Engineer: 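First, the structure itself, so that you have it in front of you.
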Amino acid sequence: MRDLCVAVIGAGMAGIASVIKLREAGFDDVTVFEKAHDVGGTWRENTYPGIACDVPSHLYSYSFAPNADWTHTFSPGNEIWAYFESVARCEGVHERTRFDDEVVSLDYEGGRWTLATASGYRDVFDVVIAATGVLHHPNLPDLPGLGSFAGAAFHSARWDHHVPIDGRRIGVIGTGSSAVQITGALVDRAAHLDLFQRTPQWIMPVDNVPYDEAQRRAFRDDPALMRRARDGLGRAFADHFANAVTDADSPAMAAIEEACRAHLETVADPVLREKLRPDYRAACKRLVASGEFYDAIQAPNASVVTERIERIEAAGVRTVDGELHELDVLVLATGFRSDRFLRPIRVRGRDDICLDDVWAERPSAHVALVVPGFPNLFLLNGPNGPVGNFSLIDVAELQLDYTIQLLDVLRDGAEAVEPTVEAAEAFEVARVEATKGTVWVTGCRSWYLDDRGIPAAWPWSIDHFRDVMRTPDLTQYKVSSGASDGTGDDA
Ligand code: NA7
């Protein structure tokens with residue numbers, strides 16, 4: 001058995017889980033690299049008013065760290081961040097983390113990765129786990145005149161809490177989950193709120209029920225009760241959402257559409273209702289969940305602006321009909337560049353292959369985790385995984401369990417493990433074929449779709465994902481003993 005030295009990039013949800021699961025499996029030499037000053041990833045970065053996770057809290061928790069104290073079915077973002085922070089602190093993640101140091105390059109040679117950071121640190125590792133998140137790099141809209149706005153303008157993931165909100169004229173660009181949550185939180189505080197809608201969204205009604213102290217105590221007193229709650233939520237989430245969207249003709253999908261249609265009918269003003277009505281199927285774009293949005297947008301001080309934005313001016317947003325929407329604050333709830341993954345880190349794999357070249361057209365990874373030519377590198381929540389329709393915590397945990405089985409192969413003496421080109425290609429062919437049955441291809445534009453219009457997502461059921469992740473099929477891998485030239489030939 002050899003000792004492995006592991007680098008984990010990112011101290012967010014998946015990075016924290018990596019440290020814990022690796023240690024459990026006996027891998028103690030783990031260093032985490034975090035470019036920011038603290039743990040928590042997306043929950044540290046996204047602090048906008050109204051932020052919550054639309055996966056129920058008892059499901060959006062680590063399986064190994066249940067939390068009896070969630071306050072709501074869908075708890076707010078600061079509570080979620082505090083949860084990750086406390087798990088990380090209890091498990092000693094902070095002590096293993098180099099904060100405020102950004103990884104800039106990874107170079108592979110002879111079974112080891114040389115990792116370099118912006119501060120000039122350099123070291124070698126046997127294994128690299130990229131826990132760099134998915135919806136991480138803000139998508140800034142290319143709107144003429146954006147820099148000329150005299151008020152405060154910022155992306156939803158870069159909320160400026162110094163900017164006063166109360167009694168101000170607020171503009172929100174976008175109608176995704178972020179914009180919908182922000183609208184719900186700000187409409188009562190703003191003098192006026194303009195929601196700039198390029199595309200209307202179907203809104204799934206959800207009831208964010210609080211847990212009272214008696215329920216929290218019951219969970220504290222009986223961990224089995226909490227486990228059952230998590231399992232039940234997981235099953236319901238899979239049956240009624242995660243698996244439904246991968247089968248556009250399923251009864252569960254029809255039920256989602258019906259719920260969204262009925263929800264839209266609650267909008268009293270027929271003109272507003274039609275403005276808000278999408279012309280594509282529910283869940284074709286990432287489904288937005290909210291029990292508040294329609295109430296918020298019907299408030300007398302709220303407007304939905306459907307005219308295209310022509311430009312941003314010092315005083316506000318000018319739409320193509322010539323109207324100037326005067327604003328004090330402009331929120332860009334315009335989403336994320338979902339095709340970045342661990343980039344801009346420069347990654348040079350075996351035989352000088354560059355990840356940027358391999359991904360020149362679009363990112364891909366075998367089983368959403370590993371890439372041919374990049375041995376001993378694992379991308380948690382990597383390309384084409386179940387990204388928008390499942391708990392990313394479950395995905396990361398399952399991928400870690402799978403990764404650890406491959407690390408055992410290295411621990412037993414192999415120098416390198418990587419997927420074969422044939423396996424990765426066969427996976428991709430099957431994946432593309434399976435996307436044809438999903439709701440994501442039924443006629444809408446969304447961040448699920450790649451440059452070809454093919455969903456960059458896991459097109460099968462979550463149960464299938466669990467099956468695939470149970471045990472690596474070693475016939476899909478090249479396992480190099482180290483005695484050869486590194487191209488691998490032993491599996
Ligand atoms: P999303 O879901 O990607 O939404 C981004 C929104 O911003 C969407 O309504 C876009 O309109 C709109 N957008 C983007 N660029 C522009 C420009 N240039 N002009 C006007 N409108 C624009 O991001 P969120 O942050 O809300 O949610 C991200 C995920 O977090 C979410 O899916 C959940 O998984 C959790 P479009 O629809 O493209 O016409």
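Below, all heavy atoms of this structure are taken into account, side chains as well, without hydrogens, waters or symmetry copies. Because the structure is a prediction, the values reported are computed rather than measured. By convention here, the first residue in the shown sequence is residue 1. Order of listing sets the numbers, starting from 1, for every ligand and every atom in it.
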Engineer: Tell me whether D142 has any N or O atom under 3.5 angstrom from an N or O of ligand 1.
Structural biologist: no

Engineer: So which of L186, T183, V331 actually passes side chain to side chain contact (heavy atoms under 4.5 Å, CB included) with P49?
Structural biologist: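 With P49 as partner, L186, T183, V331 yield a single side chain to side chain contact (heavy atoms under 4.5 Å, CB included), made by L186.
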
Engineer: Decide yes or no for W440 and C284: does some side-chain heavy atom of the first lie under 4.5 Å from some side-chain heavy atom of the second?
Structural biologist: no

Engineer: Inspect the contact between E85 and R89 and indicate whether a charged nitrogen and a carboxylate oxygen are less than 4.0 angstrom apart.
Structural biologist: yes

Engineer: Looking only at protein heavy atoms, which one is nearest to atom 31 (C) of ligand 1, and how far off is it?
Structural biologist: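 For this ligand atom, the closest protein heavy atom is S177 OG, 3.7 Å.
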
Engineer: Which protein non-hydrogen atom lies closest to atom 30 (O) of ligand 1, naming both residue and atom, and how far is it?
Structural biologist: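 So the nearest neighbour among protein heavy atoms is L135 CD1, 3.7 Å.
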
Engineer: Taking only residues at least two apart or on different chains, which pairs with a member in residues 146-160 satisfy salt bridge (charged side-chain N to carboxylate O under 4.0 Å, His left out)?
Structural biologist: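 Qualifying pairs, neighbours excluded: E45-R158.
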
Engineer: With under 30° as parallel and over 60° as perpendicular, where do the rings of F84 and Y62 fit, or are they tilted in between?
Structural biologist: perpendicular

Engineer: Can you list the ligand 1 atoms lying under 4.0 Å from a non-hydrogen atom of G174?
Structural biologist: 6 (C), 7 (O), 9 (O), 12 (C)

Engineer: Check for me whether F196 has a heavy atom closer than 4.0 Å to any atom of ligand 1.
Structural biologist: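 Distance cut 4.0 Å: F196 fails for ligand 1.
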
Engineer: Under 30°, 30 to 60°, or over 60°: which ring-plane class applies to F99 and H94, parallel, tilted or perpendicular?
Structural biologist: tilted

Engineer: Check D101 with K35, please: is the shortest side-chain N to carboxylate O separation under 4.0 Å?
Structural biologist: no

Engineer: Look only at interatomic distance and state if L143 has a nitrogen or oxygen under 3.5 Å from any nitrogen or oxygen of ligand 1.
Structural biologist: no

Engineer: Taking non-hydrogen atoms only, is S446 closer than 4.0 angstrom to ligand 1 via side chain, backbone, both or neither?
Structural biologist: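 Near ligand 1, S446 shows nothing, with every heavy atom at 4.0 Å or more.
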
Engineer: So is S156 touching ligand 1 or not, going by heavy atoms under 4.0 Å?
Structural biologist: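 It does not; every heavy atom stays at 4.0 Å or beyond.
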
Engineer: Using heavy-atom distances, let me know which of G335, S338, A333, P141 sits nearest atom 6 (C) of ligand 1.
Structural biologist: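 Among G335, S338, A333, P141, the closest heavy atom to atom 6 (C) of ligand 1 belongs to A333.
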
Engineer: For residues 226-236, which residue pairs pass the side chain to side chain donor-acceptor pair (under 3.5 Å) check, not counting sequence neighbours?
Structural biologist: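 Only R230-D394, R235-D239, R235-D463 qualify under side chain to side chain donor-acceptor pair (under 3.5 Å).
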
Engineer: Do the side chains of L377 and V371 get nearer than 4.5 Å, heavy atoms only?
Structural biologist: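 No, their side chains stay 4.5 Å or more apart.
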
Engineer: Of all the heavy atoms in I309, does at least one lie under 4.0 Å from an atom in ligand 1?
Structural biologist: no

Engineer: If you take the nearest heavy atom of each of Q181, R198, H155, which one is closest to atom 22 (C) of ligand 1?
Structural biologist: R198

Engineer: Just to confirm my output: which protein heavy-atom neighbour is closest to atom 2 (O) of ligand 1, and how far is it?
Structural biologist: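 Minimum-distance protein heavy atom for atom 2 (O) of ligand 1 reads W447 NE1, 3.6 Å.
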
Engineer: Of all the non-hydrogen atoms in the protein, which one sits nearest to atom 4 (O) of ligand 1, and at what distance?
Structural biologist: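 Among all protein heavy atoms, the one nearest atom 4 (O) of ligand 1 is G176 CA, 3.6 Å.
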
Engineer: Is it the side chain, the backbone, both or neither of Q197 that has a heavy atom closer than 4.0 Å to ligand 1?
Structural biologist: neither

Engineer: So, is S178 polar-close to ligand 1, with some N/O to N/O distance under 3.5 Å?
Structural biologist: yes

Engineer: Please list, in number order, the atoms of ligand 1 under 4.0 Å from a heavy atom of T199.
Structural biologist: 36 (P), 37 (O), 39 (O)

Engineer: Taking R318 first and then E310, would you say they form a salt bridge - that is, a charged N and a carboxylate O separated by under 4.0 Å?
Structural biologist: no

Engineer: How far is atom 8 (C) of ligand 1 from the closest protein heavy atom, and which atom is that?
Structural biologist: T175 N, 3.9 Å

Engineer: So between R286, Q201, R445, K285, whose heavy atom ends up nearest atom 32 (O) of ligand 1?
Structural biologist: R286

Engineer: Could you list which atoms of ligand 1 come closer than 4.0 Å to a heavy atom of I173?
Structural biologist: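 Heavy-atom distances to I173 below 4.0 Å select 20 (C), 21 (N).
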
Engineer: Side-chain contact, heavy-atom cut-off 4.5 Å: W202 with H263?
Structural biologist: no

Engineer: Please examine the side chains of H240 and I256, heavy atoms only from C-beta on, and report whether any two atoms are closer than 4.5 Å.
Structural biologist: no

